[in-house]
Enquirer: 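Provided herewith is a single structure, encoded as structure tokens, for subsequent inquiry.
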Amino acid sequence: MMAVSSACKDGSKVAMDNGKYVRYTPEQVEALERLYHECPKPTSLRRQQLIRECPILSNIEPKQIKVWFQNRRCREKQRKEASRLQGVNRKLTAMNKLLMEENDRLQKQVSQLVYENSFFRQQTQNQAATLATTDTSCESVVTSGQRHLTPQHPPRDASPAGLLSIAEETLAEFLSKATGTAVEWVQMPGMKPGPDSIGIVAISHGCPGVAARACGLVGLEPARVAEILKERLSWFRDCRTVDVLNVMSTGNGGTIELLYMQLYAPTTLAPGRDFWLLRYTSLLEDGSLVVCERSLNNTQNGPTMPPVQHFVRADMLPSGYLIRPCDGGGSIIHIVDHMVLEPWSVPEVLRPLYESSMLLAQRTTMAALRHLRQISQEISQPSVTGWGRRPAALRALSQRLSKGFNEAVNGFTDDGWSLLESDGIDDVTLLVNSSPSKMMGINLGYNNGFPSVSSSVLCAKASMLLQNVPPAILLRFLREHRSEWADSSIDAYSAAAIKAGPCSLPGARAGGFGGQVILPLAHTIENEEFMEVIKLENMGYYRDDMTIPGDVFLLQLCSGVDEHAVGTSAELVFAPIDASFSDDAPILPSGFRIIPLDSSTDAASPNRTLDLASALEVGTAANKATGDNSGHSGSAKSVMTIAFQFAFEVHLQDNIATMARQYVRSIIASVQRVSLALSPSRFGSNNAFHLPPGTPEAQTLARWICNSHRFYLGVELLKCESSESILKSLWHHSDAILCCSLKALPVFMFANQAGLDMLETTLVALQDITLEKIFDDNGKKTLCSEFPQIMQQGFMCIQGGICLSSMGRPVSYERAVAWKVLNNEESAHCICFMFINWSFV
């Protein structure tokens, strides 16, 4: 027989009984390869069938066929692994090259700063010596140390030759920013470059305007990268329109384009920005492709763009993309964005939005790089489907949601929006659009059996300033606890307008808010944005002539929910959709946008999280929980923008306007209440939210709960030593732990995270839930009969059963334990319940 080890060395040999080997014939190898592609792992019966079906293999034993297939699969696996490692090696080599270039640039920057420092020190010493001997005016001394400001250029000639001169100058200035030391770049706080990261991200320091720079690797060829980036509307969510007004070719094979671009305002409190630009695309001698841009605000003898209503003309300093081919495929890209956004035109409290290079990096520079990486993944992994990727269709849906929300926030008159009169209070702005088809890009008429009517859209919007609440945490709360702020009748009304045509104002409504189910659709590579469908169950809504019961579906886009991401703005945008989810269905996005105003505070404490320790501790413990910068937490500000849209029949405009005002005002009140509850410092202020009278500090209560559990039950509830770790462990305990008062009608006063999840409530709303509300009839009987035992014996074990959440959803639990919580004076303070292995039914 053949030795198996010899066969593994060469799968193209046949073993003979005499121990000698002869090579497979080419025909036999071809037949085996063909069979391998049909079935790479055949069973014993299949191998015997192969021999019968292929006479050319009749002289080979089935065992040898098995060895050949084993070797073939091994070689295939080795080839795939080698290909994967080669790809990783190419990526690491390119990243290493990028890091070495960045290191060289930083060394040049250090050398330049050392030289400038030495020069200024020598100059200061000379001035001091001069002051000692002569009477020099203070003004000359002060001004001599100032930075040299870039002089204003005289008007430029906008003839073809003049535009080419501007283009070449723009190219040189852009390259000096992308690869040199023309701007002092500092690493973006919280961004760590590496082979799996988005790349190297930096922001400017000490230069005019705001500037950001990013370097990274993408698996796309340079020409494809340039094509994608030039289509700014496909990836830049803040971009409203880009019009190419003129194109001319240059003698060196490049192109010059004159562009007019409009950007949405991020809030309702500021106008949008527009730019009059020159874009120069050229190919460098080393094969790199460059796309650079700059503003053309100071030209003559050529086309110009006059000021546009509702926009402030901003200035783009030389910016663009340097795209270099990478060995083995793909590209190395350098992105620079440098703008002067005219912060003087907005209220002072909003100026950080227009003076923050960090915000520019997140919303523009990093957005471009992330979009390229997303496209690259979809091309390289075409067979991956579902949750692991974002197909183009879903990406188009996300663009529609974002654009619709931005249109609602801005309300431009050329889209048909007009302002409604105020009711005397200017906290909510109402706009109406009587011809929304242009705005939505589709027909708002309904063709599902109901007569098409002349429909309109009303938008209610507002902006509010938030203090000391991380945007990511607040937005995550709004997403997970919709019932805390949403009105189910409004959801039903909006869905009815989508599903069954415009209907009357909701009043007496069939059905009610039955629960929320989140159905994921897709997410981006780094999970910074995800799309989902929200199913609101057992909702009912009606027209004047009929009732339409059913579920309500919302298409929802969420981003910025990671509190570890430094200074990131957060958005929650949703729109009612029909269950059929047709492509031509109207989408009226509504939602929230929260943008941090104090980037320095956000950058200083990127790891602050909403656990019980940071939310409930007071005094020195709170300072430890929030980090070294907790003393500045009161100055952490963000601006929230709210916009809600409603489709309606024209004759119902007054009723809808009244309803929309009330609804948005109720949302504002809910957000203010929730923000106060989520603020880490709310217990440190006399005017802040407090637990009911008599409730101890969170650490003290946690210690009482654990000590009483050990005293009455004889076992440790937690295995912790310090009071700080006890509180954190109790908060993250897998079982639901809830404390209720000892009043005649016991009310909950505390719960850990699992307890809040089980009751589907918050620390604020928890105090409105009584103990009897969460038990069914059997549970109430058991509780009434056994409650005296808790007070006498100190504890009680409850058999498994069913309880109810605050939303009325049934919750099953394997068993429950209740015990009396003693304070420092060993008197009863409250009753603690622990529900073990609970789950929603």
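Since the model is a prediction, treat every value here as computed from it, not as a measurement. No hydrogens, no waters, no symmetry mates; every other heavy atom, side chains included, goes into these values.
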Enquirer: Return a table of donor-acceptor pairs under 3.5 angstrom between the side chains of residues 345-352 and protein atoms on other chains or two or more places apart.
Expert:
| unit_1 | atom_1 | unit_2 | atom_2 | d |
| --- | --- | --- | --- | --- |
| S345 | OG | R273 | NH2 | 2.7 |
| S345 | OG | E342 | O | 3.0 |
| R351 | NE | P343 | O | 3.4 |
| R351 | NE | V346 | O | 3.4 |

Enquirer: Listed by chain and number, what are the ring-ring contact (aromatic ring centres under 6.0 Å, His included) partners of F592, not counting sequence neighbours?
Expert: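 So F592 forms a ring-ring contact (aromatic ring centres under 6.0 Å, His included) with W485, F644.
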
Enquirer: Sequence neighbours excluded, which residues qualify as ring-ring contact (aromatic ring centres under 6.0 Å, His included) partners of F311?
Expert: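 F412.
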
Enquirer: Please give me the minimum heavy-atom distance between P318 and H338, naming the atom from each residue.
Expert: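 Smallest interatomic distance, heavy atoms only, reads O-CB, 4.1 Å.
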
Enquirer: To the nearest 0.5 Å, how far apart are CG in L572 and CD1 in I642?
Expert: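 With rounding to 0.5 Å, CG (L572) is 11.5 Å from CD1 (I642).
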
Enquirer: Taking atom types as modelled, is there a side-chain donor on R370 or T524 under 3.5 Å from an acceptor on the other?
Expert: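 No, T524 and R370 have no side-chain donor paired with an acceptor closer than 3.5 Å.
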
Enquirer: Applying side chain to side chain contact (heavy atoms under 4.5 Å, CB included) to W276 and V308, what does each step give before you reach the verdict?
Expert: CA-CA 11 Å; W276 172 231; V308 178; over 6 Å; no

Enquirer: Quick one: list whatever passes side chain to side chain donor-acceptor pair (under 3.5 Å) with T641, sequence neighbours left out.
Expert: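 S463.
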
Enquirer: Check D337 against I335 and note the closest heavy-atom contact, atom names and distance.
Expert: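 Nearest pair, atom of D337 first, then I335: OD2-CG2, 3.9 Å.
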
Enquirer: Please list, one pair per line, the donor and acceptor atoms closer than 3.5 Å that link side chains of residues 208-218 to other protein atoms, with sequence neighbours excluded.
Expert:
| unit_1 | atom_1 | unit_2 | atom_2 | d |
| --- | --- | --- | --- | --- |
| R213 | NE | A178 | O | 2.9 |
| R213 | NH1 | E102 | OE1 | 3.0 |
| R213 | NH1 | E102 | OE2 | 3.3 |
| R213 | NH2 | E102 | OE1 | 3.0 |
| R213 | NH2 | A178 | O | 2.9 |

Enquirer: Would you say the side chains of R237 and S398 form a donor-acceptor pair under 3.5 Å?
Expert: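 The criterion, which ignores hydrogens and geometry beyond distance, is satisfied for S398 and R237.
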
Enquirer: Quick check: closest heavy atoms across S288 and R324, and the distance to 0.1 Å?
Expert: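 Smallest heavy-atom distance, with atoms named: OG-CG, 2.9 Å.
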
Enquirer: Is the closest side-chain heavy-atom distance between V336 and V183 below 4.5 Å?
Expert: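 Contact flag for V336/V183 side chains = no.
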
Enquirer: Picking from T364, V242, L229, what satisfies side-chain contact (heavy atoms from CB on, under 4.5 Å) with F236?
Expert: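 Of all the options given, the one that passes is T364.
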
Enquirer: For the backbone of Q645 and the side chain of S590, can you confirm whether one donor and one acceptor N or O come within less than 3.5 Å of each other?
Expert: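 Such a contact is found between S590 side chain and Q645 backbone.
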
Enquirer: Would you mind reporting whether M305 and F275 have side-chain heavy atoms less than 4.5 Å apart?
Expert: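 Side chain of F275 against side chain of M305, heavy atoms only: no contact under 4.5 Å found.
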
Enquirer: With salt bridge (Lys or Arg N to Asp or Glu O under 4.0 Å) as the rule and sequence neighbours excluded, what pairs involving residues 239-264 come up?
Expert: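 Pairs touching residues 239-264 that pass the test: K230-E257, R240-E407, R240-D414, R240-D415, E257-R279.
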
Enquirer: Step by step, would you call T365 with L369 a side chain to side chain contact (heavy atoms under 4.5 Å, CB included)?
Expert: CA-CA 7 Å; T365 315; L369 203 51; over 6 Å; no

Enquirer: If you define the side chain from C-beta out and look only at heavy atoms, does anything of T250 sit under 4.5 Å from Y280?
Expert: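 They are in side-chain contact.
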
Enquirer: On a heavy-atom basis, which atom in A265 and which in R593 lie closest, and how many Å separate them?
Expert: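 Where A265 meets R593 most closely, the heavy atoms are O-NH1, 4.2 Å.
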
Enquirer: Heavy-atom distance under 4.5 Å between the side chains of E571 and E529, does that happen here?
Expert: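 Not in contact.
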
Enquirer: With rounding to the nearest 0.5 angstrom, report the CD to CD1 distance, E173 to I166.
Expert: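 It comes to 11.0 Å.
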
Enquirer: At what distance, to the nearest 0.5 angstrom, does CG of L372 lie from CD1 of I333?
Expert: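 Reported value, rounded in 0.5 Å steps: 5.0 Å.
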
Enquirer: List the atom of S638, the atom of P596, and the distance in Å for their closest heavy-atom pair.
Expert: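 Looking at all heavy atoms of both residues, the closest pair is CB-CA, 3.7 Å.
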
Enquirer: OG of S234 to CD1 of I375: how many Å apart, nearest 0.5 Å?
Expert: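 Rounded to the nearest 0.5 Å, the OG-CD1 separation comes out at 7.5 Å.
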
Enquirer: With rounding to the nearest 0.5 angstrom, report the OG1 to CG distance, T241 to L263.
Expert: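 Spacing of OG1 (T241) from CG (L263) equals 10.5 Å.
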
Enquirer: How close do Y354 and P271 get, heavy atom to heavy atom, and via which atoms?
Expert: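 Nearest pair, atom of Y354 first, then P271: OH-O, 4.0 Å.
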
Enquirer: What's the separation between atom CZ in F174 and atom CD in E293, rounded to the nearest 0.5 Å?
Expert: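 One gets 10.0 Å once the value is rounded to the nearest 0.5 Å.
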
